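All remarks here apply to the structure that follows.
What you see is a predicted model, and the numbers here were worked out from it, not measured in a lab.
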Amino acid sequence: MLLIHCPYCGEDRSELEFRGAGDAHIARPTNMADISDAEFEAFFFLRQNPKGIIYERWRHIHGCGRFFNAVRDTVSDRFIKTYKAGEPKPDINAAPATDAKVETYEALEGDAR
Amino acid sequence: MQKYSIFAVVREAMRGNKGWKAQWTSPEPRKEYDVIIIGGGGHGLGAAYYLAKEHGITNVAVLEKGWIGGGNTGRNTTIIRSNYLYEESMDIYEHALKLWEGLSQDLNYNVMYSPRGVMMLSHSVHDQQSFKRHVNANRLYGIDNEWMTPEQAKAYCPPLDISKSARYPINGAALQRRGGTARHDAVAWGYARGASDRGVHIIQNCEVTGIRRGPDGAVLGVETNRGFIGAKKIGVSAAGHTSVVMNMADVRVPLQSSPLQALVSEPLKPIFPCVVMSNTVHAYISQSDKGELVIGAGTDQYNSYSQTGGIQIITHTLDAICELFPMFRRVKMMRQWGGIVDNTPDRSAIQGVTPVKNLFVNCGWGTGGFKATPGSAHLFAHLIARGEPHRLAAGLTLDRFRTGRLIDEAAAAAVAH
């Protein structure tokens, strides 16, 4: 289960309070009726689905109820940053974790340390 | 190939089992192949097998970054059924089911296909209407599926609690008798053995790091951690990592990868006769021949390649299992694992040509890929050999997200299937 920092509430809360809401920073075309089928497909269906850094939206549905954005590594599931909706996309230069670097309970808190 | 039979077992028993040979070979890669398949799961190995067997194309390599069958083929709950709602889905899953029925004989490898019946529980009026619609659609299409009263369901699956006071009362069920389970490892190994025997190279620990293309855009081969390997055609069958591989050829696919979990209990004596699914409360359960209860949970809500998932997802499923089958409340769970599933927006698979010449893709099987294995592999081989989709897979094209011809099984099954 993820521990997520809500930038509005300013607290780390369990994933149970949040609802994932897909990729962030996808601008809805303002001329929706005019765009081509290919442009609509790119806007509506195609996603980067990165193995590494992803920019995504979350909603603190059982808290303040607000949408915010997050930067997360999809290999380790570690959050790098969360920030309020409307703020510019941060320039994160982190390299994605390799499989060997994934942090487990045993490595961090368990007997193995 | 060493043929397996009762006589072989007896002969080897007399010789101290010293005569068994490796089931497939591990050759060094050639400089070039007619076809390279990226991904050594059931779908990829099966496609190589059918390419060699039915299309006479034997200069084929299957490249697998880990070990064969170590991805989703080895991480699922082995449920087989074909009771989908839409014709495109029924076509391919029923094609697969028909192949499952003869697969052990075809491969000379016991895949332990067991048509013990897949029962889908109905808990509400909405469930009842939806399942009856499925039953009718299936029967009109020639696929077995039947509606059962709670009493009939209880007779078929005695552990079921059909009392009115149950936490999740059951008001009926849909049963596909030909549905069931199979042994997942045997599927990968059986296809690998059959393909290897026909000259296919199975190359494990070989990760594709790039796809090289010529001036006309057509594929030339793949860069791997074992060097460049040329290919006239490439088939991508990489499940959760399809987006990563397709990005190497600058093709974007409408996929989202996320973890799907499953777990097994300690082994019990035979107690559970069929597969039971409840879409509404999200529980899938069957009992393996080894005696473990095999339980499928849901997907996490976020994209991930971590092959693990949240504990709340499996406790949610176990809560439902304990309510439906109170006798399992004190059973201990033994192992839990996650696989990375590639879901499409309409929850139907993609199999077809891509904008890149001689690059073919088979992906998007999401949470239901195992049951499709033989059918998908058979039709993927046809696609690669002929360059155009088989009639039964004609609807699963990549461009349907542009044309709008979606196959909306997401709504039809109401849950990950």
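Counting heavy atoms from C-beta outward, B/Asn303 and A/Arg72 have side chains that approach closer than 4.5 Å. Side-chain contact between B/Asn247 and A/Gln48: present, with at least one pair of heavy atoms (C-beta onward) separated by less than 4.5 Å.
Aromatic ring pairs are classed by plane angle as parallel below 30°, tilted from 30° to 60° and perpendicular above 60°; the pair B/Tyr302 and A/Trp58 is tilted.
Environment of CZ in A/Phe44: sparse, with no more than 12 heavy atoms of neighbouring residues, nucleotides or ligands closer than 6.0 Å. With a 6.0 Å radius and a threshold of 12 heavy atoms from other residues, nucleotides or ligands, B/Arg167 has its CZ atom at or below the threshold. Heavy atoms from other residues, nucleotides or ligands lying under 6.0 Å from CG of B/Asp216 number more than 12. Around the CZ atom of A/Arg66, the shell of radius 6.0 Å holds no more than 12 heavy atoms that belong to other residues, nucleotides or ligands.
There is no contact between A/Phe40 and chain B, counting heavy-atom distances below 4.5 Å. With a 4.5 Å cut-off on non-hydrogen atoms, B/Val253 touches chain A through its backbone but not through its side chain. Looking at B/Ile314, neither its backbone nor its side chain comes within 4.5 Å of chain A, counting heavy atoms on both sides.
Between the NZ atom in A/Lys51 and the NE2 atom in B/His241 there is a gap of 3.0 Å [rounded to 0.5 Å]. Note that CZ of B/Arg402 and CG of A/Leu46 are 9.0 Å apart. Values are rounded to the nearest 0.5 Å. To the nearest 0.5 Å, atoms CG (A/Leu2) and CG (B/Asp300) are separated by 7.5 Å. In this structure, B/Ile340 CD1 and A/Thr74 OG1 are separated by 9.0 Å, a value rounded to the nearest 0.5 Å.
For the residue pair A/Asp77 and B/Ser306, the shortest heavy atom distance occurs at OD2-OG, 3.0 Å.
Along residues 11-19 of chain A, the residues that come nearer than 4.5 angstrom to chain B, judged on non-hydrogen atoms, are A/Glu15, A/Leu16, A/Phe18, A/Arg19 in order of number.
Ranked by heavy-atom pairs shorter than 4.5 Å toward chain A, the options B/Gly310, B/Pro345, B/Gly404 are led by B/Pro345.
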